[in-house]
Amino acid sequence: AFLLIFAYKKGYNSFSAGETRCNAAFIVFFIAAGMYLSWKGFVMQPDGRIVLVKQANAAIFDDEAEEDIAQPLDSKIALSLPKGPALGSAEAPLTLYEFSSFGCTHCSDFHLGTLPKLEADYIKSGKLKVIFVNFPLDRKSMQGAMISRCIPAANYYDYVKTVFKNQREWGFSTRSEQILADYAAHNGISKAKALECLKDDAAATDIIEVRQQAIDRLKIQGTPSFLLVSPGSREVIKGVPGYASLKALLDKKLPKTAQN
């Protein structure tokens with residue numbers, strides 16, 4: 001779309017007034033189309049092809065479904081568990097790794113709807129800790145992920161919540177970097193520092209490597225997805241389980257000494 005706009009601008013002065021109005025409408029159309037395609041995860045390749053690079057969001061489970069929401073991970077699979085600030089006690093017997101992309105609507109639903117229930121039922125009582133793992137599916141989500149790497153641990157989950165809560169504001173904006181940096185400025189670092197974090201190639205490489213490991217070893221292809229680590233087991237959840245199903249799984253995996 002932007003190549004077409006550029007081509008249009010190169011010959012702009014040769015149009016009549018009527019043609020100018022007509023083609024101005026075309027400009028608006030192509031800008032809107034380009035923003036929509038970018039939001040959906042399409043990018044234009046150097047040869048002009050438009051390719052979908054964003055994977056589809058993972059499915060939401062029916063809370064009444066009989067299917068098992070978790071799949072055991074083969075014990076032979078070597079896995080370097082992602083590191084990052086934890087929401088909950090470091091001594092919690094259960095750890096839930098949440099693989100999410102900031103632009104993913106299902107991820108936002110989980111973080112704003114399900115996570116507060118987990119906090120009330122499991123996290124505050126020391127039964128569970130949650131570790132947010134960046135799994136960016138698009139450029140703007142990558143920006144949010146890179147800035148998150150610079151947020152102090154004490155402010156980390158407030159920043160994550162703010163980004164999810166205001167998903168449409170930055171997601172549809174052409175100023176996403178500035179808006180995300182503004183969120184960071186309310187969560188422990190300056191806006192200038194946040195913008196500087198967007199230039200950290202080492203952080204970007206690390207984020208991509210963690211994502212690739214999740215794809216290769218956990219077979220994660222969409223977000224949100226989860227890795228539940230409990231004493232003696234590791235299980236993958238692909239999609240957003242209903243809360244009753246998730247609660248039943250957590251209760252099943254809790255050691256008897258932590259069930260009260």
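Being a predicted model, the structure only gives us computed values, none of them experimental. Numbers here simply count residues along the sequence, with the first being 1.
In this structure the side chain of Tyr97 never reaches within 4.5 angstrom of the side chain of Ile237, judged on heavy atoms. Counting only heavy atoms from C-beta outward, the side chains of Val130 and Ile123 approach each other to under 4.5 Å. In this structure, Pro241 and Leu249 have side chains that are not in contact, with every pair of non-hydrogen atoms separated by 4.5 Å or more. Taking 4.5 Å as the limit, some side-chain heavy atom of Leu79 sits within range of a side-chain heavy atom of Leu218. Contact check for Trp170 versus Ser141: side-chain heavy atoms found under the 4.5 Å cut-off. The closest side-chain heavy-atom distance from Glu98 to Ile131 is not below 4.5 Å. Between Leu94 and Val229, every side-chain heavy-atom pair lies at or beyond the 4.5 Å cut-off. Counting heavy atoms from C-beta on, the side chains of Val163 and Gln167 never come closer than 4.5 Å.
Side chains of Ser89 and Glu91: a donor-acceptor N/O pair is absent below 3.5 angstrom, by distance only. For Gln178 and Asp182, the side-chain atoms include no donor-acceptor pair closer than 3.5 Å. Side-chain atoms of Asn187 and Tyr157 include no donor-acceptor pair closer than 3.5 Å. There is no side-chain donor-acceptor pair under 3.5 Å between Thr114 and Asp109. Side-chain atoms of Lys129 and Thr95 include a donor-acceptor pair closer than 3.5 Å. Between Thr223 and Ser100, the side chains place no donor N or O within less than 3.5 Å of an acceptor N or O (distance only, hydrogens not considered). At a cut-off of 3.5 Å, with distance as the only test, a side-chain donor of Ser230 or Ser233 sits close to an acceptor on the other residue.
A donor-acceptor pair under 3.5 Å is formed between the side chain of Tyr122 and the backbone N or O of Lys247.
Across all their heavy atoms, Tyr159 and Gly144 have their closest contact at OH-O, 3.1 Å. Contact detail for Arg234 and Ile77: the closest heavy-atom pair is NH2-O, 3.0 Å. Of all heavy-atom pairs between Asp68 and Gln71, the closest is O-NE2, 3.6 Å. Here the closest heavy-atom approach between residue Pro82 and residue Val133 is recorded as CB-CG2, 3.7 Å. Closest heavy-atom contact between Gly103 and Asp138: CA-OD2, 4.4 Å. When every heavy atom of Lys219 is checked against every heavy atom of Lys238, the shortest pair comes out as O-NZ, 2.9 Å.
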Next on the checklist: salt bridge (Lys or Arg N to Asp or Glu O under 4.0 Å), that's the test. Do Glu235 and Lys253 meet it? Break it down for me.
Outcome noted: CA-CA 11 Å; Glu235 296 171 282; Lys253 294 298 177 181; 3.2 Å; yes

Checklist entry - After noting the C-alpha distance and the side-chain angles of Arg149 and Asp200, does the key distance pass the side-chain contact (heavy atoms from CB on, under 4.5 Å) rule? => result CA-CA 10 Å; Arg149 297 284 295 255; Asp200 189 341; over 6 Å; no

Checklist entry - Where do Leu227 and Ile220 land on the side-chain contact (heavy atoms from CB on, under 4.5 Å) test, with the steps shown first? => result CA-CA 10 Å; Leu227 174 66; Ile220 291 176; over 6 Å; no

Item to check | Full working for ring pair (Phe, Tyr, Trp, His ring centres under 6.0 Å) between Phe164 and Phe102 | outcome: CA-CA 6 Å; Phe164 276 128; Phe102 279 125; 5.3 Å; yes

Checklist entry - When you look at Lys117 and Asp121, which way does the salt bridge (Lys or Arg N to Asp or Glu O under 4.0 Å) test go after all the steps? => result CA-CA 6 Å; Lys117 297 177 184 178; Asp121 294 342; over 6 Å; no

Checklist entry - Do Phe226 and Leu246 pass the side-chain contact (heavy atoms from CB on, under 4.5 Å) test, and can you show the C-alpha distance, the side-chain angles, and the key distance before you say yes or no? => result CA-CA 11 Å; Phe226 307 88; Leu246 181 57; over 6 Å; no

Item to check | From CA spacing to verdict: side-chain contact (heavy atoms from CB on, under 4.5 Å), Asn166, Ile179 | outcome: CA-CA 10 Å; Asn166 297 282; Ile179 295 173; over 6 Å; no

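Results of the side chain to side chain contact (heavy atoms under 4.5 Å, CB included) test with Tyr183 over Lys161, Lys191, Glu169, Lys165 single out Glu169 as the only residue that passes.
Interatomic distance, Asp206 CG to Lys83 NZ, rounded to the nearest 0.5 Å: 10.0 Å. Note that CG of Leu195 and CD of Gln143 are 10.0 Å apart. Values are rounded to the nearest 0.5 Å.
A centroid separation of 6.0 Å or more is found between the aromatic rings of Phe99 and Phe132.
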